[in-house]
Amino acid sequence: MTCLLAICYGNTQQQAQNGLASLRRRLATDGAVKCIRDAGISIVTGSDDDYDAARKVFSKETEAWPTAIVEPASTAQVAAAVKCANTWGVRVIPRCGGHGNEGESGATAAITIDLQSKMTKATLQADGFVVVQGGSTAGMAVNNLLQASNNSLAFPIGQRPVVGLSGFALVGGFGLSSRLGGLASDNVVAVKGVDHAGKVVEASANKNPDLLWALLGGGGGNLIIVTEWTLRTMNVSSGITVFTNIVPMVATHVQTYLNWTSNPTMNRRATIKCGTANTTHISVGGWFFGSVQQTLFFLQNSGLPKTGALAVSNFQMSHMSYFDALVNQIGWAAPQNANPLLYKYLDEMSFYKYKSMAVFNADVPEASLNALMAYAKVPGGVWEFDHFGGAIASVPAAATALPFRKATHMLVMRANSKNETIALNALKQASRLLDTLVTNTGRYLAYTGFIDTDVPGLVNMRSAFYGDSLTALQCANAKYDPRDKLYTPIMLGMPSSAQTGQAAPGVKAKSPCATLLGAKGKATAAWVKQLMAGGGTFGP
């Protein structure tokens with residue numbers, strides 16, 4: 001047999017073994033593809049003309065060549081595709097928006113399940129809650145909701161509308177409405193999805209609340225493929241006042257911003273961020289849910305300096321609709337006849353990667369601030385502090401898996417360029433910057449949405465991204481994906497048999513894991529019931 005394989009695949013035993021492995025993969029791939037096609041599910045393979053467009057994700061930094069891209073139209077079709085892949089031993093990777101920081105949205109030799117192709121509906125219910133399919137981008141979901149509610153209802157999303165809602169909500173999801181409306185995950189009351197075995201599962205206050213706990217901020221792609229979200233909505237009919245001030249980039253101005261916005265009693269209608277405007281100046285500004293007059297009153301009584309660059313008189317203000325405020329913050333131009341919340345912005349695809357660090361103490365060491373100033377001068381390097389507190393901090397810490405609930409800010413650094421050489425150098429400098437920041441503060445907890453395998457060597461990567469939630473998340477992994485079939489670049493890992501109560505995959509009743517997950521599920525159920533008791537819609 002070895003000699004026969006050598007004739008077919010090479011002249012040595014190792015080459016023959018490699019050839020046999022390649023043949024097995026090909027047979028498995030062909031079998032899985034045929035199974036999926038026989039189930040009536042749309043699928044794109046390497047022989048199709050649209051394969052190259054279908055395989056691409058937004059960052060050129062993390063390209064992959066999947067075996068096939070499946071385009072399901074329903075939860076049932078997702079389940080059928082997963083079962084086919086399991087039968088033939090082929091790994092599946094779910095994709096919604098394709099913006100994974102570490103290439104989570106695709107993998108070579110795996111099958112991509114692309115939810116965005118046909119599962120993007122958002123349905124407003126009579127009680128004010130909205131049901132959104134798992135393939136919707138954040139922009140699609142909010143646009144559909146605004147249209148269905150005469151521009152009066154939405155929910156919190158971030159800066160870029162092309163980001164997938166599922167990936168956004170699974171890691172928390174913050175933006176300029178978060179201090180009023182909470183994170184995206186803080187507004188979720190129920191989830192439907194497909195597990196590793198192709199079984200349809202639901203998570204709510206009454207069904208699998210421990211799974212819901214893990215899905216709310218515990219990271220994307222670890223436990224199930226989410227195909228449907230139910231969220232409460234936010235009344236945005238009063239509109240937004242956008243306010244901005246461009247000031248010289250000096251450490252004292254950044255420190256003033258951090259001190260000002262760390263006030264726990266600050267009006268939660270305001271969310272304020274600070275970041276690079278160019279290599280010499282920073283932008284300080286954000287949103288206030290209210291009129292220009294209300295915003296001016298807020299700023300005048302919020303603790304800003306009476307004189308100097310950050311004085312209230314230097315802020316520019318403009319009142320606009322929630323839709324226009326979202327468009328205003330995108331930073332990319334859509335064609336004149338295109339809806340900016342629905343446009344795909346494929347011309348903005350570049351080489352990029354994010355790094356992040358939660359901030360718990362407003363007194364940032366001067367050496368760290370100076371390092372940020374220096375990074376802003378690196379071609380392709382930008383940074384910003386995003387504002388937390390308010391509604392984010394008011395959610396009980398035990399109710400979700402989010403590990404940085406009590407942070408005052410999230411520092412985000414981005415290396416980005418359409419030129420690969422420039423982007424890679426900016427990324428190298430960002431890694432050095434993060435090393436400096438961690439060394440100066442002695443603590444590193446990062447945003448799960450920006451999973452990053454290139455972190456300082458002195459930290460444990462799992463602890464850095466999952467924090468105090470790690471043990472319970474590992475228990476949830478053992479319960480809902482016991483054979484670790486669903487993939488992320490930083491896998492949760494499995495708890496010890498002492499925690500699960502058994503050597504075999506799974507979680508035994510009354511084991512430490514079962515007790516821990518029971519407590520998490522109870523806290524999540526209480527929080528979700530509180531949200532539902534308040535009705536489907538809330539507002540300022």
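What you see is a predicted model, and the numbers here were worked out from it, not measured in a lab.
Among residue pairs with one or both ends in residues 189-198, none qualify as side-chain hydrogen bond (donor to acceptor under 3.5 Å, both in side chains); sequence neighbours excluded. Applying the salt bridge (Lys or Arg N to Asp or Glu O under 4.0 Å) test to pairs two or more places apart or on separate chains, none has a residue in residues 515-525. For residues 107-127, every residue pair satisfying the side-chain hydrogen bond (donor to acceptor under 3.5 Å, both in side chains) rule, not counting sequence neighbours, is listed here: R95-D114. Applying the side-chain hydrogen bond (donor to acceptor under 3.5 Å, both in side chains) rule to pairs touching residues 139-159 yields N143-N339, sequence neighbours excluded. Residue pairs satisfying the side-chain hydrogen bond (donor to acceptor under 3.5 Å, both in side chains) criterion with at least one member in residues 394-406, sequence neighbours excluded, are listed as follows: D186-R405, T400-R405.
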- Query: Please walk me through it: do R462 and L492 pass side-chain contact (heavy atoms from CB on, under 4.5 Å)?
  - Reply: CA-CA 7 Å; R462 286 175 177 165; L492 285 171; 5.9 Å; no
- Query: Step by step, would you call L402 with V395 a side-chain contact (heavy atoms from CB on, under 4.5 Å)?
  - Reply: CA-CA 10 Å; L402 191 81; V395 177; over 6 Å; no
- Message: Using the rule given for salt bridge (charged side-chain N to carboxylate O under 4.0 Å, His left out), can you reason through E384 versus R414, listing the C-alpha separation, both sets of side-chain angles and the distance that settles it, and then say yes or no?
- Response: CA-CA 9 Å; E384 72 179 32; R414 185 174 82 247; 6.0 Å; no
- Begin with the C-alpha distance, continue with both residues' side-chain angles, and end with the deciding distance and a verdict on salt bridge (charged side-chain N to carboxylate O under 4.0 Å, His left out) for K207 and E202. CA-CA 6 Å; K207 293 182 181 179; E202 297 181 5; 3.0 Å; yes
- Starting from the C-alpha separation in whole Å, work towards a yes-or-no answer on ring pair (Phe, Tyr, Trp, His ring centres under 6.0 Å) for F404 and F388. CA-CA 10 Å; F404 49 83; F388 282 21; 5.8 Å; yes
- Message: Let's go through D481 and N222 carefully: what are the C-alpha distance in whole Å and the side-chain angles of both, what is the deciding distance for side-chain contact (heavy atoms from CB on, under 4.5 Å) to 0.1 Å, and is it a yes or a no?
- Response: CA-CA 8 Å; D481 186 15; N222 279 314; over 6 Å; no
- Message: With salt bridge (charged side-chain N to carboxylate O under 4.0 Å, His left out) as the criterion, how do K34 and D38 come out once you've worked through the C-alpha distance, each side chain's angles and the decisive distance to 0.1 Å?
- Response: CA-CA 6 Å; K34 183 179 185 303; D38 288 348; 2.8 Å; yes
- Passes side-chain contact (heavy atoms from CB on, under 4.5 Å), L486 versus L223? Steps please. CA-CA 7 Å; L486 295 177; L223 301 174; 5.6 Å; no
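Proximity of a side-chain donor or acceptor of S511 to a complementary backbone N or O of T500 within less than 3.5 Å is detected. No side-chain donor-acceptor contact under 3.5 Å links S59 to the backbone of G100. Under a 3.5 Å cut-off, the side chain of Q329 and the backbone N or O of G158 do form a donor-acceptor pair. For the pair S166 (side chain) and G134 (backbone), a donor-acceptor distance under 3.5 Å is present.
In this structure, P340 and F323 have side chains that are in contact, with non-hydrogen atoms separated by less than 4.5 Å. Looking at M140 and L165, their side chains never come closer than 4.5 Å, going by heavy atoms from C-beta outward. Side-chain atoms of W88 and T29, non-hydrogen and from C-beta on, never get closer than 4.5 Å to each other. Using a 4.5 Å cut-off on side-chain heavy atoms (C-beta onward), M410 and S356 make contact. Under the 4.5 Å side-chain criterion, counting only non-hydrogen atoms from C-beta, L115 is in contact with I225. Counting heavy atoms from C-beta on, the side chains of P209 and V528 never come closer than 4.5 Å.
For the ring-ring contact (aromatic ring centres under 6.0 Å, His included) with Y447, the qualifying choice from F174, F168, F465 is F174, the only one to do so. The only member of F351, W332, Y345 that meets ring-ring contact (aromatic ring centres under 6.0 Å, His included) when paired with F58 is W332.
Note that CH2 of W229 is 6.0 Å distant from CG of L215, once rounded to the nearest 0.5 Å. The line from CZ of R232 to CG of L531 is 5.0 Å long, rounded to the nearest 0.5 Å. Atom OG1 of T67 and atom CZ of R91 lie 9.5 Å apart (nearest 0.5 Å). For the atom pair F450 CZ and K355 NZ, the distance stands at 12.0 Å (nearest 0.5 Å). Atoms OG and NZ, from S105 and K56 in turn, are 15.5 Å apart once rounded to the nearest 0.5 Å.
At a cut-off of 3.5 Å, with distance as the only test, a side-chain donor of D484 or N477 sits close to an acceptor on the other residue.
Residues I93 and E104 come closest through the heavy atom pair CG2-O, 3.1 Å. In plain terms, the two heavy atoms of A73 and Q133 that are nearest each other are O-NE2, 4.5 Å. When all heavy atoms of A154 and L146 are compared, the pair lying nearest together is CB-CD2, 4.3 Å. Listed here is the closest heavy atom pair of A525 and A205: CB-O, 3.5 Å.
By the ring pair (Phe, Tyr, Trp, His ring centres under 6.0 Å) test, H409 is found to be paired with Y257, H387, residues two or more places apart in sequence or in another chain being considered.
Taking a 6.0 Å sphere around CG of D347, one finds it holds more than 12 heavy atoms contributed by other residues, nucleotides or ligands. In the displayed structure, D49 atom CG is contacted under 6.0 Å by at most 12 heavy atoms of other residues, nucleotides or ligands.
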